[in-house]
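Report on the following structure.
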Amino acid sequence: MRIGIVENHPVMRKGLVSLFAADQRYEVVGEADHNADAMKLLSKVKPDLFIVDLQLGQEYGLDFIVEAKNRGYAGKFLIFTSSISKKDFWRAQEIGVEGLILKEALPEEILHALQIIQKGRKYYDSSIVEFKINSHRLHSNQYDNSIEQLTPKEMEVLLKLGKGYSNKEISQALFITEYTVKKHVSQILSKLELSDRTHAALFANAIGLVTYMAN
């Protein structure tokens with residue numbers, strides 16, 4: 001994956017460059033510290049993914065993303081930020097950002113986020129996954145449609161995830177193989193646009209699935 005970094009803090013930017021230099025799966029093809037330079041980078045090298053700081057001094061990282069999309073850029077975006085408001089989160093959702101991660105994340109968490117995005121799913125830092133759940137609640141039709149996409153067996157697996165079951169425990173409880181469990185979990189994450197099983201467990205509990213099924 002060819003990566004462009006849009007970050008106005010030199011130390012943070014160089015830290016990301018060093019992180020990716022140690023992993024042969026990724027190549028940093030350019031850096032920028034404000035929107036105009038980011039657009040020049042886009043025109044010149046067209047990275048597969050941009051890592052974009054939400055606040056670029058007096059500029060707004062999401063403005064760059066909107067302009068890039070308006071110019072037909074079809075790559076992916078990962079927001080990299082110290083903090084995020086609900087308004088910013090919903091705006092990022094609206095314009096189709098593939099992921100959001102906080103700067104306090106560990107290096108392995110950043111690499112994990114990229115792996116998730118490479119697989120075609122979206123990644124949300126666990127610290128802000130509540131925004132994602134609330135977003136579903138505020139857009140009830142979207143929430144209902146997401147849940148309705150799940151098969152009865154996937155709903156059973158989601159319930160077990162909400163209870164903290166491992167794949168092995170789920171396979172034993174539902175009398176299916178661990179391979180089948182993994183396939184169901186993958187489908188659940190894709191349909192609900194969640195990044196990992198921890199988020200799925202949080203989701204199941206937040207919507208009251210675990211409590212409802214216990215009654």
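Atoms considered below: every heavy atom in the structure, side chains included; atoms not considered: hydrogens, waters and symmetry mates.
- Under a cut-off of 6.0 angstrom, the local environment of NE2 in His112 is crowded, with over 12 non-hydrogen atoms contributed by other residues, nucleotides or ligands.
- Atom CD of Glu108 sits in a crowded spot, with more than 12 heavy atoms from other residues, nucleotides or ligands closer than 6.0 Å.
- Two residues are said to be in side-chain contact when any heavy atoms from C-beta on lie closer than 4.5 Å; Val66 and Arg91 meet this criterion.
- When atom types are taken as modelled, the side chain of Ser190 and the backbone of Ser186 share no donor-acceptor pair closer than 3.5 angstrom.
- Using a 4.5 Å cut-off on side-chain heavy atoms (C-beta onward), Phe20 and Leu111 make contact.
- Classification of the Phe50-Tyr73 ring pair by plane angle, with boundaries at 30° and 60°, yields perpendicular.
- Interatomic distance, Thr151 OG1 to Met155 CE, rounded to the nearest 0.5 Å: 9.5 Å.
- How far CG of Leu49 is from CD1 of Ile5: 10.0 Å, rounded to the nearest 0.5 Å.
- By the rule that hydrophobic residues join a cluster once side-chain heavy atoms approach within less than 4.5 Å of another member, Leu56 and Leu41 end up as members of one cluster.
- The closest side-chain heavy-atom distance from Asp88 to Tyr60 is below 4.5 Å.
- No chain of hydrophobic side-chain contacts below 4.5 Å, direct or via other Ile, Leu, Val, Met, Phe, Trp or Tyr residues, connects Ile116 to Leu100.
- Using a 4.5 Å cut-off between side-chain heavy atoms of Ile, Leu, Val, Met, Phe, Trp and Tyr, with links allowed through other members, Ile101 and Leu114 fall into the same hydrophobic cluster.
- Here CZ of Phe80 is found 11.0 Å from NE2 of His9. Values are rounded to the nearest 0.5 Å.
- Counting only distance, with no hydrogens or angles, the side chain of Arg2 and the backbone of Val45 share a donor-acceptor pair below 3.5 Å.
- In this structure the side chain of Glu31 reaches within 4.5 angstrom of the side chain of Val17, judged on heavy atoms.
- Hydrophobic cluster membership is shared by Ile170 and Ile188, with clusters built from Ile, Leu, Val, Met, Phe, Trp and Tyr side chains linked at under 4.5 angstrom.
- A salt bridge links Lys191 to Glu154: one of the charged nitrogens lies within less than 4.0 Å of a carboxylate oxygen.
- Taken together through direct or relayed side-chain contacts under 4.5 Å among Ile, Leu, Val, Met, Phe, Trp and Tyr, Ile79 and Phe64 form part of one hydrophobic cluster.
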Problem - Worked check of side-chain contact (heavy atoms from CB on, under 4.5 Å) between Phe77 and Val6 - result: CA-CA 10 Å; Phe77 295 97; Val6 186; over 6 Å; no
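- Considering every non-hydrogen atom in both Gly61 and Asn35, the closest pair reads CA-OD1, 4.4 Å.
- Between the side chains of Tyr165 and Gln172, not a single donor N or O lies within less than 3.5 Å of an accepting N or O.
- A heavy-atom distance below 4.5 Å is not found between the side chains of Ile51 and Glu7.
- Within the model, atoms CG of Leu54 and OG of Ser82 stand 9.5 Å from one another, a figure rounded to the nearest 0.5 Å.
- Summarising the geometry of His184 relative to Val157, their closest heavy-atom pair is CB-CG2, 3.9 Å, with the distance given to 0.1 Å.
- Contact annotation: the side chain of Arg71 approaches that of Met39 to within less than 4.5 Å [non-hydrogen atoms, C-beta and beyond].
- A pairwise comparison of heavy atoms in Gly4 and Pro47 identifies N-CB, 3.6 Å as the closest pair.
- Between the Glu98 side chain and the Lys76 main chain, no donor and acceptor come within less than 3.5 Å of each other.
- Residues Leu189 and Ala200 approach most closely at CD2-CB, 4.0 Å, considering heavy atoms.
- The side-chain heavy atoms of Thr81 and Leu102, taken from C-beta on, include a pair separated by under 4.5 Å.
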Practice task
Give the intermediate values and the outcome of side chain to side chain donor-acceptor pair (under 3.5 Å) for residues Tyr123 and Glu109.
Solution key: CA-CA 10 Å; Tyr123 181 89; Glu109 292 176 312; 5.5 Å; no
Handout entry: Trace of the side-chain contact (heavy atoms from CB on, under 4.5 Å) decision for Leu19 with Tyr26
Key = CA-CA 9 Å; Leu19 172 64; Tyr26 306 105; over 6 Å; no
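- Interatomic distance, Glu178 CD to Thr180 OG1, rounded to the nearest 0.5 Å: 10.0 Å.
- The pair Asp53-Lys103 meets the salt-bridge criterion, with a side-chain N (NZ, NE, NH1 or NH2) lying under 4.0 Å from an Asp/Glu carboxylate O.
- Between Leu192 and Leu158 there is a side-chain heavy-atom pair separated by less than 4.5 Å.
- Residues Lys160 and Glu156 are not paired through a salt bridge, judged by the lack of any N-O separation under 4.0 Å between the basic side chain and the carboxylate.
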